[in-house]
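Numbering starts at 1 and runs along the sequence shown.
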Amino acid sequence: MKIVTASTPEQENYIEELVDYMYSEVFPNYFSDEYIEELKELHVLLPTNSDLYNGTLKEAFQLISGIQSLIAVIETIRHEEVAEHHQEIFEKNTTIVEDYGYKFPFQIHHFAKPKEECISLYSKPTSQYIM
């Protein structure tokens, strides 16, 4: 018999927050609104196979770490050249995320050059006031 500890609700919420961050802060810097809409329809960074992610503490931690690492690499290469260690970290964490049934069909070169202007419906507003 094996005893496992379930993930906490906070961890599950944090996974959702990281996915929201990717859609609102990362993707708009690289992709058009139409493409981001396609990504949502294709369930990118959403669980596609519930059999792969059982919601254990270990799995939640690995999934959180994988998404955080992808974000860190993407935000780092925005200001630096893509190096071999960036590639290795990106590929390793893409595999981790996909092993738990979360689609992430990108290569590092998709994030090598951000768009000139980041105007998107998916970006979070800079203020709450309507002018």
Side-chain angles (χ1 to χ4, degrees):
M1 177 169 21
K2 183 176 182 178
I3 298 174
V4 294
T5 306
S7 62
T8 64
E10 290 82 7
Q11 285 176 310
E12 295 299 325
N13 289 338
Y14 189 55
I15 291 169
E16 290 177 21
E17 288 174 18
L18 288 171
V19 170
D20 287 342
Y21 182 84
M22 288 289 278
Y23 273 97
S24 65
E25 300 291 331
V26 176
F27 290 164
N29 289 310
Y30 299 94
F31 308 123
S32 68
D33 287 350
E34 294 81 20
Y35 189 66
I36 295 171
E37 186 63 35
E38 284 182 43
L39 296 176
K40 281 193 166 202
E41 289 174 11
L42 294 172
H43 302 288
V44 170
L45 278 179
L46 298 172
T48 55
N49 188 345
S50 60
D51 295 338
L52 299 175
Y53 178 69
N54 297 311
T56 66
L57 192 63
K58 178 184 177 186
E59 291 174 344
F61 178 72
Q62 289 180 326
L63 188 56
I64 288 168
S65 299
I67 297 171
Q68 284 177 329
S69 297
L70 289 170
I71 291 169
V73 169
I74 292 167
E75 290 180 344
T76 299
I77 63 171
R78 173 188 260 173
H79 306 291
E80 297 177 10
E81 291 291 319
V82 178
E84 186 176 331
H85 66 277
H86 294 129
Q87 178 78 27
E88 291 169 0
I89 294 169
F90 189 89
E91 288 174 3
K92 177 183 177 185
N93 288 286
T94 297
T95 302
I96 290 170
V97 168
E98 289 180 343
D99 283 349
Y100 290 114
Y102 283 69
K103 285 186 190 176
F104 194 74
F106 300 107
Q107 299 293 319
I108 198 165
H109 67 83
H110 290 114
F111 302 100
K113 186 168 175 21
K115 296 187 314 187
E116 294 293 323
E117 288 187 15
C118 180
I119 299 173
S120 174
L121 295 172
Y122 292 96
S123 297
K124 290 188 178 181
T126 54
S127 68
Q128 296 179 352
Y129 301 106
I130 298 176
M131 299 276 178

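- Leu63 and Leu46 fall within the same hydrophobic cluster, defined by Ile, Leu, Val, Met, Phe, Trp and Tyr side-chain heavy atoms under 4.5 Å apart, directly or through other members.
- Rounding to the nearest 0.5 angstrom, the gap separating the CZ atom in Phe27 from the CD atom in Glu37 is 13.0 Å.
- For Phe106 and Tyr30, the distance between ring centers is not under 6.0 angstrom.
- Rounding to the nearest 0.5 angstrom, the gap separating the OG1 atom in Thr56 from the CZ atom in Phe61 is 12.0 Å.
- To the nearest 0.5 Å, the span separating CZ on Phe31 from NE2 on His110 amounts to 6.5 Å.
- For the pair Glu59 (side chain) and Gly55 (backbone), a donor-acceptor distance under 3.5 Å is present.
- If you take CG on Asp99 and CG on Asn93, they are separated by 11.0 Å, rounding to the nearest 0.5 Å.
- Pairing each heavy atom of Glu12 with each of Ala60, the nearest pair is OE2-CB, 4.4 Å.
- For the pair Tyr14/Gln68, a side-chain contact is recorded, criterion being any heavy-atom separation below 4.5 Å from C-beta on.
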Quiz item: When you look at Phe104 and Ile67, which way does the side-chain contact (heavy atoms from CB on, under 4.5 Å) test go after all the steps?
Solution: CA-CA 10 Å; Phe104 194 74; Ile67 297 171; over 6 Å; no
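- Within the 4.5 Å cutoff, side-chain heavy atoms of Ile77 are placed close to those of Ile108.
- Within 6.0 Å of the CD atom in Glu80, the count of heavy atoms belonging to other residues, nucleotides or ligands exceeds 12.
- The hydrophobic cluster containing Tyr35 also contains Leu70, counting ILVMFWY residues as joined when their side-chain heavy atoms lie under 4.5 angstrom apart, directly or transitively.
- In this structure, Ala112 and Val82 approach most closely via the heavy-atom pair CB-CG2, 4.2 Å.
- In this structure, Gln11 and Leu57 have side chains that are in contact, with non-hydrogen atoms separated by less than 4.5 Å.
- Note: Phe111 and Phe90 have tilted aromatic rings, judged against thresholds of 30 and 60 degrees for the angle between ring planes.
- Distance CG/Asn29 to CZ/Arg78: 4.0 Å, rounded to 0.5 Å.
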Exercise. Let me see the working for Ile15 and Ile64 under side-chain contact (heavy atoms from CB on, under 4.5 Å), right down to the final yes or no.
Key: CA-CA 6 Å; Ile15 291 169; Ile64 288 168; 3.5 Å; yes
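- Taking 4.5 Å as the limit, every side-chain heavy atom of Val44 sits out of range of all side-chain heavy atoms of Met22.
- Residue Glu16 holds its CD atom at 12.5 Å from CG of Leu45, rounded to the nearest 0.5 Å.
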